[in-house]
Amino acid sequence: MLDKVRPMEYDTNEPHDLSLTVEESEQYQLFALNRVYQRVMESSLFYQRKFSGFIGRSIETLEDFQQLPFTTKEELREGYPLGLQAVPNRDIVRIHSSSGTTGKPVIIPYTRNDVANWAEMFARCYAMAGVTPEDRVQITPGYGLWTAGIGFQAGVERLGAMAIPMGPGNTDKQLEMMVDLGSTVLCSTSSYALLLAEEVQKRQLRDKIKLRIGIMGSERWGDKMRARIELELGIETYDIYGLTEIYGPGIGIECHCHQGIHYWTDHLYFEIIDPSTGKVLPNGELGELVITTLTKEGAPLIRYRTRDLTRIIPGRCHCGSIFPRIDRILGRSDDMIKIKGVNIYPGQIEDVLRETTGASSEYQVRLSRQDARDHMLLVAEAEPGNDLEEVAARIEQNFKKKIGIVIDVKTVPLGTLPRSEKKSKRVFDERDI
Ligand code: ZN
């Protein structure tokens, strides 16, 4: 049975079919969790130290596995440059690195098998989005130390489509190649896709381009923005997921049903935890995504805290794929607000504002303690031409309906709250002062 469930070879005709039942797939995952655990205990200095209290044990059940402590980004940073490496130097064929905006970057070494598995997962993503060997794929994410461009490229080559390796920027050149080569697939961030869509409209190129599919990743994007990109470029878009510490983009993607992101259970094990207690949450509940790599050799990771907030969607997708799904990423667990015993995430606040007539997207949260009780004031901007108090009342109502707690809302005219080029600070917690 375990022979049958070794990571499958990529098959263009049946990219979604592992020919496994759910039980077999779960059995395989347990086997694979124990295998990666045994591997790191033999070969990774980092994990030998970290799991020193577990020497001689094996992973027989999920409860055994859940005893293992989490791996954090801080630990990866402390391991700079190659402290996570779990194979001899001669087996490493490439490294990638996350951007070092705060402190040292994280460097991840890859073996030949790691590179091949990543390309296979990425090819599956393309296939799930309907990309075929006939397609011409314009790749606008950056090439270099980070994982974006080269991951998109390797997946295209694995699938057998034509890669157009543009990299970021130079919009004139992007549009020229898009028209002259007749690109059919665009890979980009959602904000760059929007910029290209606006340029296409401005230069009246809509009839000259042949795009049909967009693979968009690395940012949160609203439904309004998505609809605009799709309309103006004439494409169907697919949200792709990934992070440098695991492989890079390509570890999951939406299917044509667009009801969550399928992820590849033959290479990865996903858990959702409560970010404040570390407790594993049942399927369907919102929390922080924790990933274990099942087949990675260069730098295997066990119970890695991604800080991404999502949930595992229960049940099988209508597309028929055996691969399970997570929801779109709702935000970062560092941004979580805990109030009146409820966890609130910025993504939920943004959803409430988006669904409230007359509300704009800018807001601030002020938390305080009043008579020993938590108090939350949401200051939100209203679109011009609306009565401020009416909009505030609607936001209050929607907040209670959607999130389940009563808060105070104050609305201010559009443009009142401060803007910043970088990420704006939106939450002010004065409860401990
Ligand atoms: Zn599906």
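Note that ligands are numbered from 1 as they come in the structure, with each ligand's atoms numbered from 1 the same way.
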Determine, stepwise, if the pair His256 / Tyr238 fulfils ring-ring contact (aromatic ring centres under 6.0 Å, His included). CA-CA 8 Å; His256 59 86; Tyr238 294 83; 8.3 Å; no

Looking only at the aromatic ring of each residue, does the gap between the centers of Phe152 and Phe122 stay below 6.0 angstrom?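 Yes, the ring of Phe122 comes within the 6.0 Å limit of the ring of Phe152, centre to centre.
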
Side-chain heavy-atom pair Leu30, Phe65 within 4.5 angstrom cut-off: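 No, side chains not in contact.
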
Which heavy-atom pair separates Arg328 from Thr310 by the least distance, and what is that distance? O-OG1, 3.8 Å

Taking all atoms of both residues into account, what is the closest heavy-atom pair of Glu381 and Leu417, and its distance?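 Heavy atoms of Glu381 and Leu417 come nearest at OE2-N, 2.8 Å.
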
Only pairs under 3.5 Å count here: list side-chain donor-acceptor contacts from residues 272-279, not counting sequence neighbours, and write none if there are none.
from, atom 1, to, atom 2, distance (Å)
Asp274, OD1, Ser276, N, 2.8
Asp274, OD1, Ser276, OG, 2.8
Asp274, OD1, Thr277, N, 3.4
Ser276, OG, Lys338, NZ, 3.4
Thr277, OG1, Lys279, N, 3.2

For the Zn ion (ligand 1), how many protein N, O or S atoms lie at less than 2.8 Å? 4

